**Student:** 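Dropping the structure in here first, questions after.
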Amino acid sequence: EMLHKLLDTTKDHFESEEGLMRTHSYPDQAEHEQSHAQILTALAEICNDYEAWRLASKNDVGSIIKDNVMAHILTDDRKLGAFLKELGLN
């Protein structure tokens with residue numbers, strides 16, 4: 001199902017990102033990984049309680065996903081990107 005694929009893809013992306021943080025000793029790694037854990041928990045809850053979410057508005061589910069992911073991208077991922085750029089990595 002599509003939500004489980006989203007969860008699996010997100011896990012793979014986060015594992016890759018966490019590997020970069022470890023390799024380059026990212027100073028905010030713990031905070032960034034905590035954000036990953038929160039997003040994965042939210043996605044897992046949606047997947048595990050799909051029947052309840054199915055009854056909810058698709059807009060509600062989309063908003064929850066968008067709000068968690070977009071907030072992460074606009075804050076944590078931007079900070080990580082700037083750090084990696086300072087190291088000369090693009």
Side-chain angles (χ1 to χ4, degrees):
E1 122 184 349
M2 186 168 49
L3 288 173
H4 288 284
K5 182 149 180 80
L6 174 63
L7 179 60
D8 290 341
T9 301
T10 303
K11 282 181 186 177
D12 291 344
H13 170 76
F14 286 169
E15 287 173 6
S16 174
E17 210 172 72
E18 290 170 6
L20 274 172
M21 290 188 284
R22 277 190 300 278
T23 298
H24 299 289
S25 302
Y26 182 55
D28 295 327
Q29 181 175 349
E31 179 183 317
H32 198 114
E33 288 184 0
Q34 182 178 8
S35 177
H36 286 175
Q38 290 170 343
I39 291 169
L40 291 174
T41 297
L43 290 174
E45 287 175 3
I46 291 170
C47 289
N48 292 334
D49 199 8
Y50 179 71
E51 281 304 309
W53 286 105
R54 189 174 62 81
L55 299 174
S57 162
K58 288 181 183 177
N59 290 335
D60 291 343
V61 175
S63 291
I64 290 167
I65 293 169
K66 183 188 81 164
D67 291 347
N68 280 295
V69 174
M70 289 306 295
H72 175 74
I73 291 169
L74 293 173
T75 57
D76 300 319
D77 281 351
R78 280 190 175 179
K79 285 172 43 180
L80 174 59
F83 173 79
L84 294 173
K85 189 174 182 178
E86 284 180 21
L87 295 178
L89 304 170
N90 291 327

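What you see is a predicted model; the values in this text were computed from it and never measured.
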**Student:** Salt-bridge test for E18 and K11: reply yes if a basic N is under 4.0 Å from a carboxylate O, no otherwise.
**Tutor:** no
**Student:** If I take atom CE from residue M70 and atom OG1 from residue T75, how far apart are they, to the nearest 0.5 angstrom?
**Tutor:** 10.5 Å
**Student:** What is the distance from atom CG of L84 to atom NZ of K79, rounded to the nearest 0.5 Å?
**Tutor:** 13.0 Å
**Student:** Is I73 reachable from L40 through a run of hydrophobic residues whose side-chain heavy atoms are each under 4.5 Å from the next?
**Tutor:** yes
**Student:** Evaluate Q29 against E17 for side-chain contact (heavy atoms from CB on, under 4.5 Å), listing each step before the verdict.
**Tutor:** CA-CA 10 Å; Q29 181 175 349; E17 210 172 72; over 6 Å; no
**Student:** Of all the heavy-atom pairs spanning H24 and L87, show the shortest one and how long it is.
**Tutor:** CB-CD1, 3.7 Å
**Student:** What residue among N68, L7, D76 forms side-chain contact (heavy atoms from CB on, under 4.5 Å) with I39?
**Tutor:** N68
**Student:** Between H36 and F14, what is the ring plane arrangement, given parallel below 30°, perpendicular above 60°, and tilted in between?
**Tutor:** parallel
**Student:** Quick one: CZ on R78 to CG on L80, what's the gap to the nearest 0.5 Å?
**Tutor:** 13.0 Å
**Student:** If you apply the rule side-chain contact (heavy atoms from CB on, under 4.5 Å), what do you find for M21 with F83, and how did you get there?
**Tutor:** CA-CA 10 Å; M21 290 188 284; F83 173 79; over 6 Å; no
**Student:** What about V69 and I46, same hydrophobic cluster or not, with Ile/Leu/Val/Met/Phe/Trp/Tyr joined at side-chain heavy-atom distances under 4.5 Å?
**Tutor:** yes
**Student:** Any chance you could measure H72, atom NE2, to T10, atom OG1, to the nearest 0.5 Å?
**Tutor:** 10.0 Å
